[in-house]
Amino acid sequence: MSGILVVTEQTAGVWNRMSFETLAAGQQLARTLGKSASAVVFGSETGPLAAELAGYQLERVIALEHELLGSYTADAATGALSWLIAKLEPDVVLFPHTYRVRDFAPCIAARAGHALVSDVTGFHVESGVLVLERLLFQGKLNADYTSSVLGTVFASVQASAFRADTLEPGTAAVESLTPPLVAASIRQQPEPPFRESARAVDLTAAELIVAVGRGIHEEGNIALVAELAEALGAELAASRPICDSGWLPMERQVGSSGQLVSPKLYLAVGISGAIQHLVGMKGSRTIVAINKDASAPIFEVADYGIVGDLFDFVPALIEQVRKAKNG
Amino acid sequence: MKILVAIKQVPAHDSRLFIEPTGEWIEENDLGYEVNEPDAYALEAALQLREQHGGEVIVMCAGPARVSSTIREALAKGADRALHIEEDDLRHWDNLSVAQLLAKAAQTEQPDLVLTGLQSDDLGFGQTGVIMAELMGLPHATLAMSVEVVDGRLRVKCELEGGWFQYVSMPLPALVTIQSGILRLRYATLMGIKRAKTKEVRKITPAELGAAGEPGITLRRIYAPHSLKQTQMLAGSVQEQAAQLVEKLKHEVRVI
Ligand SMILES: Cc1cc2nc3c(=O)[nH]c(=O)nc-3n(C[C@H](O)[C@H](O)[C@H](O)COP(=O)(O)OP(=O)(O)OC[C@H]3O[C@@H](n4cnc5c(N)ncnc54)[C@H](O)[C@@H]3O)c2cc1C
Ligand SMILES: Nc1ncnc2c1ncn2[C@@H]1O[C@H](COP(=O)(O)O)[C@@H](O)[C@H]1O
């Protein structure tokens with residue numbers, strides 16, 4: 001097969017929504033390269049999901065089914081998809097850059113003798129060569145990568161870099177395939193997923209959020225940001241390292257492993273803006289960032305930015321907010 | 001248990017980065033360096049496993065002469081010995097060839113467990129450990145929050161998206177990639193720092209390992225990111241900045 005193969009992700013019949021962003025990226029890449037895109041959904045029962053994919057503009061949809069793909073393991077996913085890719089020989093394989101893809105996609109590329117370009121944010125063609133864009137230094141810099149070997153290009157696509165609402169509808173033929181998996185080759189034994197504790201704080205409902213990051217330096221300083229939140233009538237949230245340190249409870253964490261929020265106002269205090277944080281708050285209506293580093297990636301999504309020391313700015317802001325509210 | 005930990009040296013977290021005039025890489029001359037953050041947690045996890053089960057912790061780092069400081073620090077924290085894979089020009093190696101290099105070096109030790117960080121703070125591929133597992137024929141788990149050995153098998157608590165977790169178990173030898181923030185990191189003691197000076201650092205070159213950096217993917221150029229939004233930067237004194245922001249919050253965002 002020449003063209004683009006998009007690998008989608010589902011768990012027990014429920015899509016990981018990044019599948020659709022990756023499909024959109026696949027369609028866009030197909031148009032850019034003048035090729036066609038196909039998609040694969042893998043699992044133990046994929047019929048309804050494959051039928052859903054067949055409603056998009058794709059050359060074909062592959063339902064890759066095996067009972068050993070029922071609960072995800074890296075070994076089964078690698079075995080099944082490596083078999084499919086060797087059979088189809090696509091020009092490009094695209095994955096969503098999910099936590100699960102991190103777990104198996106590097107194995108697939110390595111098994112094929114290739115390097116995977118992970119966490120891609122965009123692509124373009126330069127003198128006939130496909131250039132893949134990704135971030136370096138936790139989002140501080142961009143980089144262009146090219147593949148200098150022949151054969152399949154492997155890439156995974158960053159969360160929210162492509163828009164699922166650009167997907168073109170169409171009709172595609174569905175094909176069911178069974179990979180040759182054997183139970184003995186699967187070494188990981190997964191237990192059922194669980195949540196640590198019930199969430200007492202629902203940040204998703206908050207209209208205003210003040211979020212604090214590692215720029216706060218010490219646990220004792222959190223009180224300063226809490227005071228700002230109180231003055232504004234906002235919920236207090238945090239980046240991951242703050243919750244990891246136990247300075248605020250886990251349920252106040254925003255990001256890919258915390259809550260996904262979209263308040264009217266998100267005020268980020270001393271947060272650098274790593275992608276795992278951004279995906280959790282990018283959809284906020286207005287974003288304000290205070291950071292002493294003008295090149296912090298948080299400013300790329302901010303509507304209003306203040307470059308400065310939070311320990312100078314936050315007290316001044318608290319005072320003026322109080323004045324405005326009382327006056 | 002023999003535990004091998006792959007630690008990478010990266011530019012310090014708060015470094016100001018300048019792009020070389022050629023656009024190929026950043027200016028390295030005035031940079032400070034430190035251990036990649038999740039790798040510090042991988043080392044801590046290894047040291048705690050050694051405390052529980054006995055054995056040996058070996059750290060492994062590929063890079064130029066400057067990485068010795070990071071190796072020394074790991075030895076001072078309690079690693080028993082180290083493997084320094086000497087290579088000045090790693091930036092022209094792609095992620096697959098770096099993983100091949102590390103896998104070959106790891107195989108000279110025949111470890112029971114290999115730990116890596118889940119992602120490097122500079123290149124951010126999030127792949128090296130997983131590729132190593134594939135090349136070494138080891139079972140693996142990623143995004144580990146905890147690692148325990150139960151009845152000779154490994155049981156790993158893995159992070160899933162959106163606040164979910166899952167335990168995965170597998171036979172040893174195995175490879176696990178470690179998430180940041182999962183443990184409290186220890187500091188090096190004065191005694192540790194003294195002892196580190198006497199610990200073995202085995203130096204080895206890619207040529208001796210039969211590895212070469214043939215890049216399958218090439219970093220062409222680096223550049224400053226373009227803003228996704230029209231960010232309005234508020235200027236002036238702190239008081240003026242705060243006043244401007246309050247104005248905006250009142251009249252434009254309408255939340256005051
Ligand atoms: C798989 C995975 C999942 C993750 N999930 C999440 C997640 O759900 N949520 C999340 O937040 N992160 C998550 N992370 C971590 C993420 O990659 C970043 O490490 C984290 O978001 C950084 O937090 P931070 O911005 O608070 O800290 P840092 O990156 O250390 O940034 C601190 C910022 O404060 C600024 N600063 C310092 N001092 C001052 C001062 N005096 N005044 C003003 N500014 C100052 C600095 O310039 C810097 O920009 C995840 C990572 C991985 C790999
Ligand atoms: N040069 C290196 N030396 C030692 N370990 C490395 C090196 N490069 C990557 N690693 C390990 O691989 C992990 C993931 O890196 P990456 O795939 O670049 O995100 C790091 O956290 C390290 O544990």
Side-chain angles (χ1 to χ4, degrees), chain A residues 74-75 98-99 102-103 106-107 110-111 114-119 131 135-138 140-149 187-191 193-196 208 240-241 244 256-258 264-265 286 288 297 299-308 312-313 316-317 320-321 324-325, chain B residues 16-17 19 94-96 99 121-127 130-131 133-135 139-143 159-171 180-181 215-225 227-229 231-234 238-239 241-243 245-246 248-250 253 255-256:
Chain A
D75 280 345
T98 60
Y99 289 16
R102 288 166 173 272
D103 193 46
C107 292
R111 203 168 283 187
H114 289 290
L116 167 75
V117 187
S118 44
D119 221 7
V131 179
L135 304 175
L136 297 180
F137 298 99
Q138 300 211 296
K140 283 191 192 166
L141 293 175
N142 273 29
D144 282 354
Y145 281 86
T146 52
S147 177
S148 40
V149 290
R187 297 162 295 181
Q188 296 93 355
Q189 207 175 347
E191 295 172 35
F194 63 95
R195 267 207 151 130
E196 209 83 289
L208 312 179
R240 181 176 182 134
D244 280 343
S256 61
S257 32
K264 267 190 185 164
L265 173 69
T286 301
V288 180
F299 289 123
E300 285 157 44
V301 300
D303 299 277
Y304 302 107
I306 296 101
V307 177
D312 297 332
F313 179 74
L317 183 61
Q320 303 228 18
V321 167
K325 283 206 162 178
Chain B
R16 287 204 61 194
L17 304 176
I19 298 170
D94 70 3
N95 46 339
L96 176 61
D121 289 340
D122 52 358
L123 298 177
F125 282 117
Q127 295 186 38
V130 181
I131 304 173
E134 170 68 23
L135 298 174
H140 74 277
T142 54
L143 274 161
E159 183 179 344
L160 309 179
E161 267 145 44
W164 289 82
F165 301 93
Q166 176 176 42
Y167 281 96
V168 179
S169 59
M170 67 199 73
S180 269
I217 55 169
T218 311
L219 176 55
R220 274 221 180 161
R221 68 181 186 109
I222 60 173
Y223 48 100
S227 194
L228 302 174
K229 276 190 179 174
T231 309
Q232 204 175 324
M233 289 295 182
L234 306 181
V238 168
Q239 291 302 333
Q241 287 173 318
L245 183 57
V246 167
K248 307 281 181 203
L249 296 183
K250 215 169 169 174
V253 195
V255 293
I256 296 186

S.K.: Can you tell whether the side chains of B/K229 and A/E300 come within less than 4.0 Å, N to carboxylate O?
M.R.: no
S.K.: Hydrogens and angles aside, do A/S256 and A/Y99 bring a side-chain donor and acceptor to less than 3.5 Å of each other?
M.R.: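 Distance-only check passes for A/S256 and A/Y99.
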S.K.: Check each atom of A/T286 against the heavy atoms of chain B and say whether the ones under 4.5 Å are side chain, backbone, both or neither.
M.R.: side chain
S.K.: Is A/V131 in contact with chain B via its backbone, its side chain, both, or neither, using a 4.5 Å heavy-atom distance?
M.R.: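 For A/V131, the contact with chain B is made by the side chain alone.
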S.K.: Is it the backbone or the side chain of A/P190 that comes under 4.5 Å from a heavy atom of chain B, or both, or neither?
M.R.: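 Both backbone and side chain.
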S.K.: Start with the C-alpha gap between B/L143 and A/D103, add the side-chain angles, then the distance that decides, and say whether side chain to side chain contact (heavy atoms under 4.5 Å, CB included) holds.
M.R.: CA-CA 8 Å; B/L143 274 161; A/D103 193 46; over 6 Å; no
S.K.: In sequence, state the C-alpha distance, the side-chain angles, and the governing distance for B/V130 and B/T142, and then conclude on side chain to side chain contact (heavy atoms under 4.5 Å, CB included).
M.R.: CA-CA 8 Å; B/V130 181; B/T142 54; 3.4 Å; yes
S.K.: Where does B/L123 contact chain A at under 4.5 Å (heavy atoms): side chain, backbone, both or neither?
M.R.: both
S.K.: I need the residue from A/V288, A/V301, A/L265, A/L208 with the largest number of non-hydrogen atom pairs under 4.5 Å to chain B.
M.R.: A/V301
S.K.: Name the option with the most non-hydrogen atom pairs under 4.5 Å to chain A; the candidates are B/A243, B/A133, B/A224.
M.R.: B/A243
S.K.: Any idea which of B/E161, B/K248, B/Q166, B/M170 has the most non-hydrogen atom pairs under 4.5 angstrom with chain A?
M.R.: B/E161
S.K.: For B/L245, which atoms come within 4.5 Å of any heavy atom of chain A: side chain, backbone, both, or neither?
M.R.: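 Only the side chain of B/L245 comes within 4.5 Å of chain A.
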S.K.: Can you say whether the rings of B/Y167 and A/F194 are parallel (under 30°), tilted (30 to 60°) or perpendicular (over 60°)?
M.R.: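 Parallel.
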S.K.: Does any backbone or side-chain atom of B/A141 lie under 4.5 Å from a heavy atom of chain A? Answer side chain, backbone, both or neither.
M.R.: backbone
S.K.: Counting heavy-atom pairs under 4.5 Å with chain A, which one of B/L234, B/T218, B/I131, B/V238 comes out on top?
M.R.: B/T218
S.K.: If I compare all heavy atoms of A/F299 with all of A/I306, which pair ends up nearest, and what's the gap?
M.R.: CZ-O, 3.6 Å
S.K.: Counting only heavy atoms closer than 4.5 Å, note whether B/L17 contacts chain A via side chain, backbone, both or neither.
M.R.: side chain
S.K.: Which heavy atom in B/I256 sits nearest to a heavy atom in B/K250, and how many Å separate them?
M.R.: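 Closest pair (atom of B/I256, atom of B/K250, distance): O-CG, 3.9 Å.
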S.K.: Heavy-atom distances under 4.5 Å only: say whether B/D94 touches chain A with side chain, backbone, both or neither.
M.R.: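 Side chain only.
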S.K.: Counting only heavy atoms from other residues, nucleotides and ligands, does the tally under 6.0 Å from CZ of B/R16 exceed 12?
M.R.: no
S.K.: If we define contacts as heavy-atom pairs under 4.5 Å, which of A/A302, A/P241, A/G258, A/A324 has the most with chain B?
M.R.: A/A302
S.K.: Heavy-atom pairs under 4.5 Å with chain B - which of A/L135, A/D75, A/D312, A/L116 has more of them than the others?
M.R.: A/L116
S.K.: Judged by modelled atom types alone, do B/E159 and A/S257 share a side-chain donor-acceptor pair under 3.5 Å?
M.R.: yes
